[in-house]
Novice: 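Before I ask anything, here is the structure I am working with.
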Amino acid sequence: MAVGAAVGVVGGRACWFMRRVPLPGEGLYPLRTLASALLLFAVATLAHGSGFLAVFVAGIALGDDAPVQTGDRTFPLRPGQPR
């Protein structure tokens with residue numbers, strides 16, 4: 001399990017960096033996410049670790065970051081949130 005966790009931490013950091021790279025089309029972002037998850041699972045499995053744990057840890061590492069806002073989308077503000 002330690003191998004899966006290590007692959008997840010390293011893969012989460014790589015995916016964190018990869019999120020900052022813009023793609024030419026908005027439809028490519030889900031594909032990049034799916035490909036990243038499958039790649040992390042495969043690397044952890046080939047290293048005889050837990051692929052599920054690797055993807056889980058990477059998802060936690062990515063989910064801890066603020067979402068990337070692209071374009072001119074506006075998001076509703078929470079009550080009491082400064083503008």
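Any value given below was found using the heavy atoms of this structure, including those in side chains, with hydrogens, waters and symmetry copies removed. Note that the coordinates shown come from a computational prediction; the quantities given were computed from them, not determined experimentally.
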Novice: Test of understanding: clusters of I, L, V, M, F, W, Y form through side-chain heavy atoms closer than 4.5 Å, transitively. Do L40 and L34 belong to the same one?
Specialist: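 Looking at the clustering, L34 is in a separate group from L40.
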Novice: Does R19 qualify as a cation-pi partner of W16, given the criterion of NZ or CZ under 6.0 Å from the six-membered ring centre and within 45 degrees of its axis?
Specialist: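 No, cation not above the ring by the 6.0 Å, 45° rule.
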Novice: Counting only heavy atoms from other residues, nucleotides and ligands, does the tally under 6.0 Å from CZ of R32 exceed 12?
Specialist: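 Atom CZ in R32 is crowded, with more than 12 foreign heavy atoms closer than 6.0 Å.
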Novice: If we only count heavy atoms from C-beta on, is the V3 to H48 side-chain gap below 4.5 Å?
Specialist: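 Side chain of V3 against side chain of H48, heavy atoms only: no contact under 4.5 Å found.
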Novice: What are the two closest heavy atoms between S36 and C15, and how far apart are they?
Specialist: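 For S36 versus C15, the nearest heavy atoms are CB-SG, 3.7 Å.
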Novice: Of all the heavy-atom pairs spanning V7 and A54, show the shortest one and how long it is.
Specialist: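 In this case the closest contact between V7 and A54 is CG1-CB, 4.0 Å.
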Novice: Do you know which two heavy atoms are closest between F52 and F41, and how far apart they sit?
Specialist: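 In this case the closest contact between F52 and F41 is N-CE1, 3.4 Å.
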Novice: What heavy-atom pair brings S50 and L53 nearest, and what distance separates the two atoms?
Specialist: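 Here S50 and L53 meet closest at OG-N, 3.2 Å.
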Novice: Please give me the minimum heavy-atom distance between A44 and G4, naming the atom from each residue.
Specialist: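 So the minimum-distance heavy-atom pair works out to CB-CA, 4.5 Å.
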Novice: Given side chains that start at C-beta, do those of Y29 and P22 come closer than 4.5 Å, heavy atoms only?
Specialist: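 They are in side-chain contact.
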Novice: Under a single-linkage definition using a 4.5 Å side-chain heavy-atom cutoff for Ile, Leu, Val, Met, Phe, Trp and Tyr, are L39 and V55 assigned to the same hydrophobic cluster?
Specialist: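 Linked, L39 and V55 end up in one cluster.
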